[in-house]
Every structure is written in C-alpha cells, then in structure tokens.
Amino acid sequence: MRQHKLALCKHHFLEWVCDQTERNINKYKMFTKGDRVLVAVSGGKDSLALWDALNKLGYTTGGVYINLGISGDDQYSLKSQSLAEKFASDHNLVLHIVNIKSDYGKTIPEFSETNKRGKSKPCSVCGLLKRHTMNEIGSRKGYDVLVTGHNLDDEVSVLFNNVLGWQVDFLRRQSPLIPAKEGLIPKAKPFCRFYERETAAYAILANIEYIEDECPFSEGSTTIQNKELLNHLEHQRAGTKLAFYLKFLRAKKELFADLEDDKYTEALFSCPTCGQPTPKQGNCAFCRMVTRS
Ligand code: SF4
Ligand code: ZN
C-alpha cells in the first residue's frame with residue numbers, strides 16, 4: 001500500500017482492515033456494539049467484505065439485498081442474489097430480500113423505459129428505489145443504522161464530480177455518516193477510507209465469493225470516467241485520493257460551519273401512501289414513480 005508506505009502479509013492485512021474499519025466507525029461515531037446494523041448488500045466485493053469485517057468485529061448485523069431485475073448477458077441480478085444468499089447462509093446471518101419486479105410490478109429497466117424520471121437513465125430510477133426500499137426495510141425491521149460498502153474511490157469520484165459542477169448541496173451532504181432524521185435511519189460508510197484495491201484484496205484473501213461483473217448500466221458512467229482519471233493522478237503521486245478526501249472532510253467543517261441548521265433540519269412531511277418522509281406535501285417521489293409507471 002504505497003499511500004501508507006505499508007506492506008502486510010495475508011494474516012496481518014485481514015487484521016489491519018478490521019482494525020481500520022473499527023477505527024473509522026469510532027472516529028466518525030457511526031454506531032456502537034449495542035446497535036443493530038443493516039448492511040446494504042449488492043453481491044459485490046465491497047458490501048460483502050464490509051459485512052464480513054463487521055461480523056468478525058462482533059457487530060450485530062443483518063443484510064438487505066434488492067433484486068433489481070437486471071439481466072444483461074451474465075444474468076447480473078440472479079448471480080448477485082445467489083452470492084449474497086450464499087454469504088448469509090455460510091455465516092448464519094439474516095438477509096432480507098426485496099424483489100423490485102414482484103414487489104413493485106416492474107424491473108429497473110422496465111421502470112426506466114416507462115418513467116419520465118428514468119428515460120435512458122436507469123441509475124436515477126434505481127437510486128430512488130434503493131434509497132426508499134433500504135430505509136423502509138431498516139425502519140420496519142428495527143435496525144439502528146444502514147451501512148453501505150462505499151469505498152474511497154467511490155467517495156472521491158463523487159467528490160470530484162461535485163467539485164467540477166460546484167454542487168454545493170451535494171458537497172455539504174457528502175459525509176461518512178448521514179445522521180438520522182425523523183423517519184430516516186442514519187446511513188454510514190465504514191469503508192470510506194479504504195482504496196478499492198484494498199477492499200478487493202480483503203474479499204479475495206478472506207475467500208469471499210463475490211460478483212466480479214459490474215452492472216451493465218454502469219458502462220461509460222461518469223463515475224467510472226472519474227475513477228480512471230483519479231487513478232492516473234494516484235499513479236503519479238501515491239496518496240492523492242486519500243488526501244483529497246480527508247482534506248475535503250476537514251475543509252467542509254469551515255466551509256459549511258454557518259449553514260448547519262437550515263434546510264437539512266427542516267421538517268419533513270409523511271407520504272400519505274407509504275408513510276415515509278418526504279420534503280414536500282403529498283406522495284413521495286417513490287410513490288409517484290411507482291403509480292405513474
Ligand atoms: Fe442501479 Fe445504475 Fe448502479 Fe446499475 S449502475 S445498480 S442501474 S445505480
Ligand atoms: Zn410514498
């Protein structure tokens with residue numbers, strides 16, 4: 001690990017990832033051993049590695065897997081679901097499964113075809129469905145926090161994009177922990193300081209079977225383009241990505257210090273159809289999308 005000037009054997013690397021995960025959880029006050037933690041599982045390396053590390057660290061965890069109905073040449077959703085199920089059963093852990101087609105009537109590609117919001121943009125529909133569903137499962141099943149496997153490369157790619165467009169609202173919200181709000185359970189990213197190659201190495205060394213294919217809709221995405229560019233910078237100067245992220249978190253405290261209490265603490269309304277919080281009166285964006293399609 002050039003950025004840390006550190007080289008470890010298999011045994012010590014696995015231990016190091018778990019130790020650093022615990023450090024991040026404590027540093028950003030994400031949750032404690034007394035909390036019930038819901039892990040958003042995609043069947044990929046990051047989410048399964050995170051679930052494995054949290055389990056080894058002794059946290060009480062369950063998983064949630066959302067079958068998006070995405071097939072492609074490699075049956076993406078079917079394959080990823082079976083790997084998520086295998087991990088859960090091998091470790092004797094609870095996995096909540098949601099199937100978009102049977103629960104809401106359509107797959108992500110179908111929603112994307114018929115919905116204005118998703119026209120040629122399946123990721124926008126997909127993001128909305130995932131956010132809604134995970135919060136709904138987390139609240140209904142009594143979890144204290146939702147965790148996702150976002151790694152440093154994911155965070156830095158989003159940060160880079162938000163800086164390019166000076167998306168002040170997004171910059172303000174980007175954080176290792178998004179605290180709870182009425183009706184919304186907190187969301188945390190315990191892997192936010194690990195490089196993608198570190199989470200991949202952990203998954204391989206811990207013998208975790210994960211889906212290696214990317215979702216077919218991610219092809220050519222801005223996130224992937226940003227990652228390539230940032231990898232180039234990292235290659236020239238080790239530690240660039242980590243420094244960019246950590247310095248942003250530090251700068252953010254000053255940049256947004258006087259704005260802490262305005263619109264993110266505004267009262268939310270309750271959706272009359274699903275009961276979940278929504279920023280405006282009337283049906284939430286999720287219910288509007290499902291009923292209009
Ligand atoms: Fe959903 Fe887009 Fe991610 Fe595929 S790439 S899982 S469609 S958000
Ligand atoms: Zn609703």
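When a ligand or atom number is given, it counts from 1 through the structure's own listing order. Just so you know, residue 1 is the first one in the sequence shown, and it goes up from there.
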Report, one line per pair, each donor and acceptor closer than 3.5 Å where one atom sits in a side chain of residues 37-48; sequence neighbours left out.
from	atom 1	to	atom 2	distance (Å)
Ser42	OG	Gly44	N	3.1
Ser42	OG	Ser47	OG	3.3
Asp46	OD1	Asn151	ND2	3.1
Asp46	OD1	Thr199	OG1	2.6
Asp46	OD2	Asn151	ND2	3.4
Ser47	OG	Ser42	N	3.0

- Side chains of Thr273 and Asn283, donor plus acceptor under 3.5 Å: yes
Hey, does Leu68 sit under 4.0 Å from ligand 1 if you only count heavy atoms? yes
Between the CG atom in Leu205 and the CG atom in Asn207, the distance rounded to the nearest 0.5 Å is 8.0 Å
* Non-hydrogen side-chain atoms of Gln20 and Glu198 separated by less than 4.5 Å -> no
Checklist entry - Got more than 12 heavy atoms from elsewhere within 6.0 Å of CD, Glu209? => result no
Quiz item: Does the ring centre of Phe194 sit less than 6.0 Å away from the ring centre of His150?
Solution: no
With sequence neighbours left out, the residues meeting salt bridge (charged side-chain N to carboxylate O under 4.0 Å, His left out) with Arg250 are none
- Can you tell me if Glu85 and Tyr65 form a side-chain donor-acceptor pair at under 3.5 Å? no
Checked the Zn ion (ligand 2): protein N, O or S atoms closer than 2.8 Å come out as Cys271 SG, Cys274 SG, Cys284 SG, Cys287 SG
Output for pair (Ser80 OG, Tyr210 OH), nearest 0.5 Å, gives 14.0 Å
Validation row, ring centre Trp16 to ring centre Tyr202 under 6.0 Å: no
Any heavy atom of Glu214 under 4.0 Å from ligand 1? The part involved is neither
Ranked by distance from atom 3 (Fe) of ligand 1, the top protein heavy atom is Lys130 NZ, 4.0 Å
Notebook entry, point to check: Under 3.5 Å, is there a donor-acceptor pair between the Tyr245 and Gln174 side chains?
Noted result: no
Sorted by chain and number, protein N/O/S atoms nearer to atom 2 (Fe) of ligand 1 than 2.8 Å are Cys123 SG
